[in-house]
**Q** 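Can you read through this structure? Questions will come right after.
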Amino acid sequence: MPNRTIIPFGPQHPVLPEPIHLDLVLEDEKVVEALPSIGFVHRGLEKLVEKRDFLEYVFVAERICGICSFIHGMAYSQTVEEIMNIEIPERASYLRTIWGEYSRIHSHLLWLGLMADAFGFESLFMHSWRIRETILDMIEETTGGRVIFGTCKVGGVRKDISNDTLQGMVRKTLELEKEIREITEIFIKDFTVQKRLVGAGVLTKEEAYTLGTVGPTLRGSGVAQDARTLGYAAFKDLDFEPIVEKDGDSYARCVVRIREIFQSIDLIKQAAAKIPDGPIDVKVKGNPEGEFFTRIEQPRGEAIYYIKGSNSKYLDRVRVRTPTFANIPAMVKTLQGCDLADVPVLLLTIDPCISCTER
Amino acid sequence: MSVLHFSKTVLKSLFGKPATLMYPVQVREYSDNTRGQIHFNGDDCILCGLCQKKCPAGAIKVSRDEQKWEINRFRCIACNYCSEVCPKKCLEMVNKYVTPRIAPDSVETFTSPYVPPSKKPAAEKGKTISA
């Protein structure tokens, strides 16, 4: 039996500015086992619900994650609205959908950049982020913030986008689509990129399902599961199919995310064409009483919100299950048997967001 | 499989304009909606304290007795909630970012010319709490 070595990976590592620690048990260059440990950035945001009233907590919920911030706020608001039987105006749900999809595009472009950086393609990383910047500018023009939108509230949205601006945004996004296609072609077709991704970290359909993975990691293994098909916000009126790739390797997960960018652009186009006029919020009266579970699709996968209130302006409990937490077992599985040099790439393919996992 | 997919982008980068701003020379213009910092217009303020109560970050402090309105810029998360709840609309979000400060707990203090009537304010304050 060869000698075993344990190599510590993280919580500070050049490839990943996320505080996750892995003990990599190696036999020569092969990883035999990976033992993850988290708990470096716990902020106690779920406990904070006892100190902030339920209308204010949406700002805290948005800060659970720095990338899918808007969708966190949206999931929280949706859950409270379900408990309180609030029906939000149609325009508000369309605006939420549009902003949600923009945040998915910017998250996936961010991930593509990080991925390019992980396999050593620095200029591709910068080009991905250059495109992302245009998306962020559009978000800033409409919401006021670049990554923390702050536009979601219980009962609707806080800001409106005029129809002209919306058409302008769609036009700009469609122009940007060409540039995104040009950059993503490199991920899909380039020889060196394929060398690093094809066949790396294969997760079969059964494994992905039994390990409870979510989001692009699950869809990259051939399971067509997307929480958006539940039809929350305006997704019930929009035409789309979950994007699925069959191979289950790093390349498949990368292609799923690339295709999802174009799907999001299409969804924004559809939503902008269908958006009705009208009010953007309703007045919230009373306090939430009861409990509810919400499933919502974030860029990294399905997040679950559980909220319990007992007719007080302070909620009893907010519980968040973030997609990265669900994907950690799959990550550990894919790391078994891989080369040490592949660890950063495999780690990134689940798009880990440790800060939101720990909250 | 190809190795020349990047060439188009490379040529564009070579002959195109830079994607970044030459920052100190060219100043970035923020959009009108950009949430930079809260601007306080003391003339209309009635020192009701709603902004203090609603601030999720606890950055605002209103002192009725001293006629003072204070904000800790480092605590402020620029969410714009205070300006939404302000009954006199004397708070607004401006698209200019906060200038750097040396002391981490530096508090900006403004005075309001509003003089609260002796008894009435207590009743009014009680009203806002129950609402």
Side-chain angles (χ1 to χ4, degrees), chain A residues 48 51-53 55-63 73 116 121 123-124 126-134 136-146 148-153 158-161 165 178-179 181-195 198 281 285 313, chain B residues 1-21 23 26 28-39 50-60 75-86 91-98 128-131:
Chain A
L48 200 60
K51 298 261 195 289
R52 298 280 179 273
D53 86 44
L55 293 173
E56 277 169 37
Y57 191 79
V58 66
F59 298 114
V60 181
E62 279 215 315
R63 279 159 179 80
F121 207 148
S123 48
L124 192 54
M126 285 175 194
H127 280 292
S128 305
W129 281 34
R130 171 177 59 85
I131 296 170
R132 175 175 175 257
E133 200 59 33
T134 324
L136 291 183
D137 283 346
M138 270 190 268
I139 293 169
E140 187 181 341
E141 274 166 38
T142 50
T143 66
R146 279 160 54 86
I148 304 285
F149 298 8
T151 43
C152 213
K153 70 171 181 183
R158 295 166 74 207
K159 269 202 172 92
D160 199 359
I161 312 179
T165 317
K178 288 178 209 144
E179 274 192 69
R181 212 170 277 281
E182 200 179 303
I183 290 296
T184 50
E185 285 285 285
I186 301 159
F187 281 94
I188 297 170
K189 290 183 180 163
D190 195 85
F191 175 71
T192 47
V193 177
Q194 287 194 354
K195 271 284 185 197
V198 174
D281 59 347
K285 281 181 193 155
K313 67 175 181 176
Chain B
M1 196 165 69
S2 157
V3 284
L4 289 173
H5 272 286
F6 207 43
S7 46
K8 201 174 160 192
T9 317
V10 169
L11 286 174
K12 265 192 207 165
S13 305
L14 262 178
F15 299 109
K17 276 196 285 183
T20 47
L21 270 184
Y23 174 61
Q26 265 178 299
R28 187 189 177 219
E29 279 182 24
Y30 298 106
S31 73
D32 292 339
N33 275 329
T34 303
R35 296 197 309 271
Q37 61 173 313
I38 282 291
H39 175 74
L50 255 183
C51 47
Q52 177 189 336
K53 208 184 303 163
K54 293 286 181 186
C55 179
I60 300 173
R75 282 197 76 94
C76 175
I77 55 169
C79 65
N80 202 24
Y81 198 29
C82 51
S83 86
E84 277 175 24
V85 296
C86 180
L91 290 170
E92 66 166 332
M93 187 58 85
V94 288
N95 64 354
K96 199 181 83 187
Y97 280 102
V98 184
T128 49
I129 290 168
S130 63

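Reckoned from all heavy atoms, side chains included, excluding hydrogens, waters and symmetry mates. In what follows, every chain begins at residue 1, and chains take the letters A, B, ... in the order their sequences are listed. What you see is a predicted model, and the numbers here were worked out from it, not measured in a lab.
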**Q** Among A:E179, A:E185, A:E182, which residue satisfies the side chain to side chain contact (heavy atoms under 4.5 Å, CB included) criterion with B:T9?
**A** A:E182
**Q** For A:L124, is it the side chain, the backbone, both, or neither that has a heavy atom closer than 4.5 Å to a heavy atom of chain B?
**A** both
**Q** Within a 6.0 Å radius of atom NZ on B:K12, are there more than 12 heavy atoms belonging to other residues, nucleotides or ligands?
**A**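 Yes, enclosed.
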**Q** Does the side chain of B:S13 come within less than 4.5 Å of A:H127's, by heavy atoms?
**A**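 With C-beta onward as the side chain, the pair touches.
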**Q** Suppose we screen for side-chain contact (heavy atoms from CB on, under 4.5 Å). Which residues come up paired with A:E56, at least two apart in sequence or across chains?
**A**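 Scan of A:E56 (side-chain contact (heavy atoms from CB on, under 4.5 Å), adjacent residues dropped) gives A:R52, A:D53, B:K54, B:P56, B:Y81.
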**Q** Which bit of A:K153 is near chain B, if near means a heavy-atom gap under 4.5 Å: side chain, backbone, both or neither?
**A**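 No part of A:K153 comes within 4.5 Å of chain B.
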**Q** Quick one: pull up CG in A:D137 and OG in B:S31 and give me the separation to the nearest 0.5 Å.
**A** 8.5 Å
**Q** Do NZ/NE/NH1/NH2 and the carboxylate oxygens of A:E140 and B:R28 come within less than 4.0 Å?
**A**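 Counted as a salt bridge, because a side-chain N and a carboxylate O are separated by less than 4.0 Å.
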**Q** How many angstroms lie between CD in A:E141 and CG in B:D32, if you round to the nearest 0.5 Å?
**A**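 Atom-to-atom, A:E141:CD and B:D32:CG are 9.0 Å apart.
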**Q** If the condition is ring-ring contact (aromatic ring centres under 6.0 Å, His included), which residues does A:F187 pass it with, not counting sequence neighbours?
**A** none
**Q** Contact part of A:T142 toward chain B, heavy-atom cut-off under 4.5 Å: side chain, backbone, both or neither?
**A**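 For A:T142, the contact with chain B is made by the backbone alone.
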**Q** So what's closer than 4.5 Å to chain A heavy atoms on B:N80: side chain, backbone, both or neither?
**A** both
**Q** Measure from the side-chain N and O atoms of B:N33 to the backbone N and O of A:T143, and report whether any donor-acceptor pair falls under 3.5 Å.
**A**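 Checked: no pair found.
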